[in-house]
Amino acid sequence: AGAADVQVTRRISKQGVEALTAEERAGLDLDTPLPEAEQASLMKELAGAHCGMMPESALPAMASVQRFRDAKMAAEMNAAQGKAVLIAGSGHTRRDRGVPFLMDRPVISIALVEVVDGMTTADAYGLVNDAGNPTADFVIFTPRAKRDDPCEAMREAMKNRTK
């Protein structure tokens, strides 16, 4: 129910949230910027999630799309009658800037985090923001899934794109 329309998302990626009408932006609270630290955290997360291969100039558009998706999910959750459950990626479930940040009702945020070899403390996983606040109410550590390195696949895709 909270999925963002692909055409709208594409417009936002090219034009920013200004691609929406003033009424749409106000209804999704997108005219209110994220606090500076949370915006910087989002940009850093997006860069890391794309293996540092995206040009820095692309990150603001990606951040606008992320904020739009969060706002759409929050609007659907706020409109739901009774209790609602959102299953989403950990960036969307962050208390400091994701869907819970935009909710009009009490929320419990649970982060599912894959264990990484060599990372032996909760602090190593970035589960606390720069202000020292937890990004989720609860954390469940899960075994790491066996899969190919996504950054290697992205490197190959970028190589093929430039040929």
Side-chain angles (χ1 to χ4, degrees), residues 1-80 84-105 107-114 116 124-140 142 145 147 149-151 153-155 157-158 161:
D5 180 270
V6 174
Q7 297 302 325
V8 175
T9 301
R10 283 189 185 136
R11 278 198 335 261
I12 292 170
S13 73
K14 291 177 181 16
Q15 303 167 10
V17 294
E18 292 74 24
L20 301 171
T21 66
E23 184 177 273
E24 289 171 319
R25 286 192 313 270
L28 295 172
D29 198 24
L30 289 172
D31 285 330
T32 305
L34 280 176
E36 191 175 315
E38 281 70 26
Q39 180 69 19
S41 169
L42 174 57
M43 301 285 269
K44 181 179 176 184
E45 182 178 311
L46 289 168
H50 292 85
C51 307
M53 290 183 223
M54 297 301 292
E56 197 167 316
S57 61
L59 296 177
M62 294 171 76
S64 292
V65 168
Q66 175 91 359
R67 290 201 61 219
F68 171 66
R69 287 182 172 146
D70 289 342
K72 285 289 289 176
M73 287 185 268
E76 292 297 326
M77 298 287 288
N78 284 327
V85 174
L86 171 67
I87 299 172
S90 59
H92 295 292
T93 62
R94 287 179 63 117
R95 282 199 148 285
D96 58 345
R97 60 175 158 80
V99 175
F101 177 74
L102 301 167
M103 294 293 296
D104 293 338
R105 56 168 124 174
V107 172
I108 295 172
S109 176
I110 303 169
L112 301 175
V113 178
E114 287 183 319
V116 176
Y125 291 88
L127 301 171
V128 175
N129 66 16
D130 290 342
N133 299 315
T135 58
D137 297 305
F138 298 94
V139 177
I140 299 173
T142 66
R147 62 179 169 265
D149 179 359
C151 291
M154 188 172 222
R155 275 189 280 285
M158 296 295 264
R161 219 173 146 192

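- The two residues Ala74 and Leu102 have their closest heavy-atom pair at CB-CB, 3.6 Å.
- The CG atom of Asp96 lies 8.0 Å from the CZ atom of Phe101; values are rounded to the nearest 0.5 Å.
- Smallest separation of non-hydrogen atoms from Leu86 and Met73: CD1-SD, 3.7 Å.
- Under the 4.5 Å side-chain criterion, counting only non-hydrogen atoms from C-beta, Thr93 is not in contact with Val99.
- Electrostatic pairing of Arg67 and Glu38 does not count as a salt bridge here, judged by no charged N lying under 4.0 Å from a carboxylate O.
- Across Pro100 and Val107, no two heavy atoms sit closer than the pair CB-CG1, 3.9 Å.
- Summarising the geometry of Met62 relative to Leu46, their closest heavy-atom pair is C-CD1, 3.8 Å, with the distance given to 0.1 Å.
- Put simply, the side chain of Thr135 does not reach to within 4.5 Å of the side chain of Arg95, judged on heavy atoms.
- Interatomic distance, Ser90 OG to Glu45 CD, rounded to the nearest 0.5 Å: 6.0 Å.
- Here the closest heavy-atom approach between residue Lys72 and residue Ala4 is recorded as CG-CB, 4.4 Å.
- Listed for the Gln66 side chain is no donor-acceptor partner under 3.5 Å among the backbone atoms of Leu42.
- Between the SG atom in Cys51 and the CE atom in Met158 there is a gap of 9.5 Å [rounded to 0.5 Å].
- Taking the side chain to side chain donor-acceptor pair (under 3.5 Å) definition, one finds that Ser41 meets it with Arg97, sequence neighbours left out.
- Within the 4.5 Å cutoff, the side chain of Val8 has heavy atoms near those of the Arg11 side chain.
- Within the 4.5 Å cutoff, the side chain of Ile110 has no heavy atoms near those of the Asp137 side chain.
- Here the side chains of Val17 and Glu24 are not in contact, with every heavy-atom distance at 4.5 Å or above.
- Taken to the nearest 0.5 Å, the NE2 atom of His50 stands 10.0 Å off from the SG atom of Cys151.
- Annotation for Asp130: atom CG does not count as buried by contact number, only 12 or fewer foreign heavy atoms lying within 6.0 Å.
- In this structure Arg155 satisfies the salt bridge (Lys or Arg N to Asp or Glu O under 4.0 Å) test together with Asp149, Glu152, sequence neighbours excluded.
- Under a 3.5 Å cut-off, the side chain of Asn133 and the backbone N or O of Asn129 do not form any donor-acceptor pair.
- We find the CD1-CG distance between Ile12 and Leu30 to be 7.0 Å, quoted to the nearest 0.5 Å.
- Summarising the geometry, atom CG belonging to Leu28 is positioned 10.5 Å from atom CD belonging to Glu23; distances are rounded to the nearest 0.5 Å.
- Residues that satisfy the ring-ring contact (aromatic ring centres under 6.0 Å, His included) test with Tyr125, not counting sequence neighbours, are Phe141.
- Looking at heavy atoms from C-beta onward, Pro60 lies in side-chain contact with Met43 at the 4.5 angstrom threshold.
- Listed for the Arg69 side chain is no donor-acceptor partner under 3.5 Å among the backbone atoms of Ser64.
- Smallest separation of non-hydrogen atoms from Ser13 and Ala61: O-CB, 3.1 Å.
- Within the 4.5 Å cutoff, no side-chain heavy atoms of Ile140 are placed close to those of Val113.
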